[in-house]
Amino acid sequence: MSDLSAAFVRLHARLTPVAFVPEVRLHQADEPIGLWELTEGEFRSSQPPPFWAFAWAGGQALARYVTDHPELVAGRRVLDLASGSGLVAIAAARAGATTVRAVEVDERAVAAVALNAEANGVRVDAEFGDILDADAGDAEVVLAGDVFYSEAMARRVLRFLLRAARSGAGARVLVGDPGRAFLPRERFRELAAYDVPVPEALESVRVKRTTVWELDPAPPGAAR
């Protein structure tokens with residue numbers, strides 16, 4: 001975690017409870033649009049927008065599910081893909097995961113994950129890098145919140161998740177999604193659905209119906 005990235009997170013976000021998972025506190029931006037505009041120029045030149053500064057609906061739903069079903073991750077090695085703020089990773093650590101690896105392509109997000117984990121008194125290994133063309137390592141559970149927001153991202157994420165589920169470890173793969181257009185629903189089975197509070201400035205509504213799905217690694221139409 002670089003000092004500059006950590007300072008940026010502290011300057012532009014306040015440590016506050018997550019609306020749908022109040023057991024967890026995160027550094028969150030008070031005003032989404034202002035921070036988005038602050039980083040927009042950099043985004044056009046390679047810097048991702050500040051996904052780390054908000055508790056997105058998919059992550060909140062997934063963190064809620066993990067918190068309410070700790071047996072999913074307790075005693076297991078967990079990977080949180082495209083971790084953002086680290087909300088899901090922190091929920092997994094609080095639920096008793098043996099190790100939690102949180103991967104992000106944004107250096108400020110990596111700093112936010114580390115700061116948020118420290119604030120919640122848990123250990124999360126925050127890692128900078130794009131692993132979508134690699135594999136999930138030794139993860140026994142792979143978690144991903146709100147990752148199907150673009151067609152290109154959805155294709156890469158699905159291939160990664162399928163490799164994780166079909167690997168020797170045979171990881172369980174869960175995602176949280178608030179009805180994004182590029183979620184391949186035919187590859188998943190529903191575990192739970194929630195009405196999740198969200199920032200109206202980001203989602204144009206105050207509540208999003210959000211589903212927790214588990215990936216079925218079998219090809220569509222295959223005998224179960």
Side-chain angles (χ1 to χ4, degrees), residues 1-32 35-36 38-39 42-43 46-64 66-67 70 73-132 134 136-147 157 160 174-176 199 202:
M1 170 175 61
S2 76
D3 291 341
L4 282 176
S5 292
F8 187 92
V9 171
R10 291 191 180 100
L11 178 63
H12 294 286
R14 289 188 307 114
L15 191 63
T16 55
V18 175
F20 200 58
V21 196
E23 300 93 329
V24 175
R25 297 186 303 156
L26 299 177
H27 287 84
Q28 300 177 74
D30 289 326
E31 204 286 298
L35 181 57
W36 202 289
L38 181 65
T39 60
E42 293 179 288
F43 178 43
S46 74
Q47 180 72 19
F51 293 123
W52 55 266
F54 317 108
W56 297 83
Q60 288 196 69
L62 192 51
R64 180 76 268 157
V66 168
T67 298
V73 298
R76 293 182 170 87
R77 298 179 297 273
V78 173
L79 169 65
D80 180 23
L81 182 68
S83 188
S85 64
L87 170 58
V88 176
I90 291 164
R94 292 183 72 256
T98 303
T99 62
V100 182
R101 177 187 176 204
V103 180
E104 254 294 342
V105 296
D106 180 355
E107 290 183 357
R108 289 171 181 161
V110 174
V113 172
L115 290 171
N116 289 333
E118 181 180 12
N120 286 276
V122 296
R123 164 131 187 219
V124 172
D125 297 320
E127 177 183 325
F128 173 73
D130 183 343
I131 65 169
L132 289 181
D138 65 354
E140 298 170 281
V141 180
V142 177
L143 305 172
D146 229 328
V147 291
V157 166
F160 177 89
L174 273 67
V175 305
L202 291 178

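For the numbers below, each heavy atom of this structure counts, side chains included, while hydrogens, waters and symmetry mates do not.
- Using modelled atom types, one side-chain atom of Asp130 and one backbone atom of Leu132 make a donor-acceptor pair closer than 3.5 Å.
- In this structure, Leu15 and Asn116 have side chains that are in contact, with non-hydrogen atoms separated by less than 4.5 Å.
- With a 4.5 Å cut-off on side-chain heavy atoms, Phe160 and Leu81 count as touching.
- Atom OG1 of Thr99 sits about 9.5 Å away from atom CG of Leu79, to the nearest 0.5 Å.
- Here the closest heavy-atom approach between residue Ala102 and residue Ala89 is recorded as CB-CB, 4.0 Å.
- By the 4.5 Å heavy-atom criterion applied to side chains, Ile131 and Arg101 are counted as neighbours.
- Residues Leu62 and Val175 fail the side-chain proximity criterion, which asks for heavy atoms closer than 4.5 Å.
- Shown here for Ala126 and Val113, the closest heavy-atom pair between the two residues is CB-CG1, 3.8 Å.
- No donor-acceptor pair under 3.5 Å is formed between the side chain of Ser85 and the backbone N or O of Ala53.
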When you look at Phe51 and Asp106, which way does the side-chain contact (heavy atoms from CB on, under 4.5 Å) test go after all the steps? CA-CA 9 Å; Phe51 293 123; Asp106 180 355; over 6 Å; no
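- Rounded to the nearest 0.5 angstrom, Asn120 CG and Ile90 CD1 are separated by 4.5 Å.
- Taking the six-membered ring where tryptophan is involved, the planes of Phe8 and His12 are tilted, since the angle between them lies from 30° to 60°.
- Atom CZ of Arg14 sits about 8.5 Å away from atom CD of Gln28, to the nearest 0.5 Å.
- Between the side chain of Arg76 and the backbone N or O of Glu140 there is no donor-acceptor pair closer than 3.5 Å.
- Rounding to the nearest 0.5 Å places CG of Leu87 at 11.5 Å from CZ of Phe20.
- The two residues Thr67 and Ala91 make their nearest non-hydrogen contact at OG1-CB, 3.8 Å.
- Rounded to the nearest 0.5 Å, atoms CG (Asp146) and CD (Gln60) are 10.0 Å apart.
- Of all heavy-atom pairs spanning Val100 and Arg123, the tightest one is CB-O, 4.4 Å.
- Side chain of Trp56 to backbone of Gly145: no donor-acceptor contact under 3.5 angstrom is found.
- When all heavy atoms are compared, the tightest approach of Ala111 to Ser5 is CB-CB, 3.7 Å.
- Side-chain contact between Val66 and Arg94: absent, with no pair of heavy atoms (C-beta onward) separated by less than 4.5 Å.
- Of all heavy-atom pairs spanning Ala97 and Val78, the tightest one is CB-CG2, 3.7 Å.
- Considering CG of Leu26 and CG of Leu115, their distance stands at 11.0 Å, rounded to 0.5 Å.
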